[in-house]
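Comments concern the structure below.
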Amino acid sequence: MDYRQRITEEAAQLFRRYGIKAVTMDMLAANLGISKRTIYEVFSDKHELLVGVIRLMVERQKELINKISGESKNVIEAVYRIMGMMSAHMESMSPAFRLDMMKVRSDIVKNMKESGQYPFPNVNSDLIKRGIEEGVFRDDIDIEITNKCLFEVIRMSGTGDEFEPDDLSKKHVIRDVYINYLRGISTQKGLDLINFYEKRENELKLTKPV
């Protein structure tokens, strides 16, 4: 592992735990056991480091989404597993990090979208296409329009490019809206699968210790 990767990995952990503002280059250097000068030889400033961290986080999520999709039996299973992953990802971030990201994310995410490095708008499109191929979603839907609608639902939930403080009730509402939208574009096969995975999730919630 080279210095760039080591620094980015450690910075990602510290940012997520303490927030961006609270983490100093001195703290990062101490945790890595290297000099601050070494960090500045790789990253010109903290903003460039943050850009590297966000790119790393997005790339890791993209890899996880692709892995989940490849391992899932059908597109509905993939949807439920991806939603669980995204929820866990948000919950693992400290409130301080999410608040800091609200202030700096716009330019970073905009640049990533323009350079094609931001995967989330494509996730729904791929899932929709797969669902149509599997006979889970209707073949008369407009993929582009449906993709935009679903992405807006994700964006409002704070699990896409919006890094917001946790609001559990809001997340539940957005999740229900997303699932109900999927119901609207589903065939009977899709509806049966949604009902199956909804029932399974509810049963798992009941068995979890309080």
Side-chain angles (χ1 to χ4, degrees), residues 5-23 28 31 49-72 75-113 115-128 130 147 150-179 181-182 197-198 200-202 204-205 208:
Q5 187 173 349
R6 280 188 61 203
I7 294 168
T8 306
E9 295 268 7
E10 185 63 30
Q13 293 296 323
L14 293 175
F15 285 164
R16 288 165 64 95
R17 188 178 307 156
Y18 302 112
I20 300 165
K21 289 183 179 179
V23 176
L28 179 58
N31 272 47
L49 174 60
L50 177 60
V51 171
V53 167
I54 299 303
R55 284 177 176 165
L56 173 68
M57 291 171 66
V58 168
E59 188 58 36
R60 291 284 169 81
Q61 282 199 342
K62 182 179 178 181
E63 290 171 0
L64 276 172
I65 288 170
N66 289 336
K67 183 174 184 291
I68 288 170
S69 184
E71 293 174 348
S72 298
V75 70
I76 301 300
E77 179 182 337
V79 166
Y80 276 88
R81 291 182 62 188
I82 290 170
M83 285 195 299
M85 181 271 288
M86 298 295 280
S87 179
H89 174 72
M90 286 298 295
E91 289 172 5
S92 69
M93 295 179 182
S94 70
F97 178 69
R98 291 193 296 274
L99 287 169
D100 289 345
M101 277 302 301
M102 287 175 67
K103 301 172 183 176
V104 300
R105 67 174 176 11
S106 297
D107 289 341
I108 296 174
V109 171
K110 180 181 178 182
N111 290 335
M112 292 180 71
K113 285 179 179 177
S115 61
Q117 299 177 56
Y118 198 71
F120 298 110
N122 298 324
V123 171
N124 286 309
S125 181
D126 293 340
L127 292 173
I128 295 164
R130 176 178 173 180
N147 178 41
L150 288 174
F151 179 67
E152 282 304 305
V153 173
I154 293 175
R155 187 187 64 79
M156 288 187 294
S157 73
T159 55
D161 64 343
E162 297 286 334
F163 289 77
E164 299 178 359
D166 262 340
D167 184 334
L168 294 179
S169 61
K170 179 182 176 183
K171 282 191 175 183
H172 289 313
V173 170
I174 295 298
R175 178 191 173 282
D176 286 346
V177 171
Y178 189 93
I179 294 300
Y181 193 103
L182 292 186
Y197 287 106
E198 276 289 293
R200 191 172 75 171
E201 281 217 342
N202 290 332
L204 287 173
K205 287 176 185 176
K208 283 184 180 179

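Residues take their numbers from the sequence shown, with the count starting at 1.
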Expected output: side-chain D100 to main-chain K21 donor-acceptor under 3.5 Å
yes
For R16, is there any backbone N or O sitting under 3.5 Å from a side-chain donor or acceptor partner on S94?
yes
Between [X] and [Y], which heavy-atom pair has the shortest distance, and what is it?
X   : Y   : result
F15 : I20 : CD2-CA, 3.9 Å
L49 : I7  : CD1-CG2, 3.8 Å
L28 : A11 : CD1-N, 3.7 Å

Report the distance from atom [atom1] of [X] to atom [atom2] of [Y], rounding to the nearest 0.5 Å.
X    : Y    : atom1 : atom2 : answer
L64  : E59  : CG    : CD    : 10.5 Å
E201 : I179 : CD    : CD1   : 7.5 Å
S72  : K67  : OG    : NZ    : 10.0 Å
L182 : I128 : CG    : CD1   : 8.5 Å

Tell me every residue that passes salt bridge (Lys or Arg N to Asp or Glu O under 4.0 Å) with R200, counting only those two or more places apart in sequence or in another chain.
none
Extract all donor-acceptor atom pairs below 3.5 Å that involve side chains of residues 76-83 and protein atoms in other chains or at least two apart in sequence.
from, atom 1, to, atom 2, distance (Å)
E77, OE1, K73, N, 3.2
E77, OE1, Y197, OH, 3.2
Y80, OH, E198, OE2, 2.7
R81, NH2, E71, OE1, 3.2

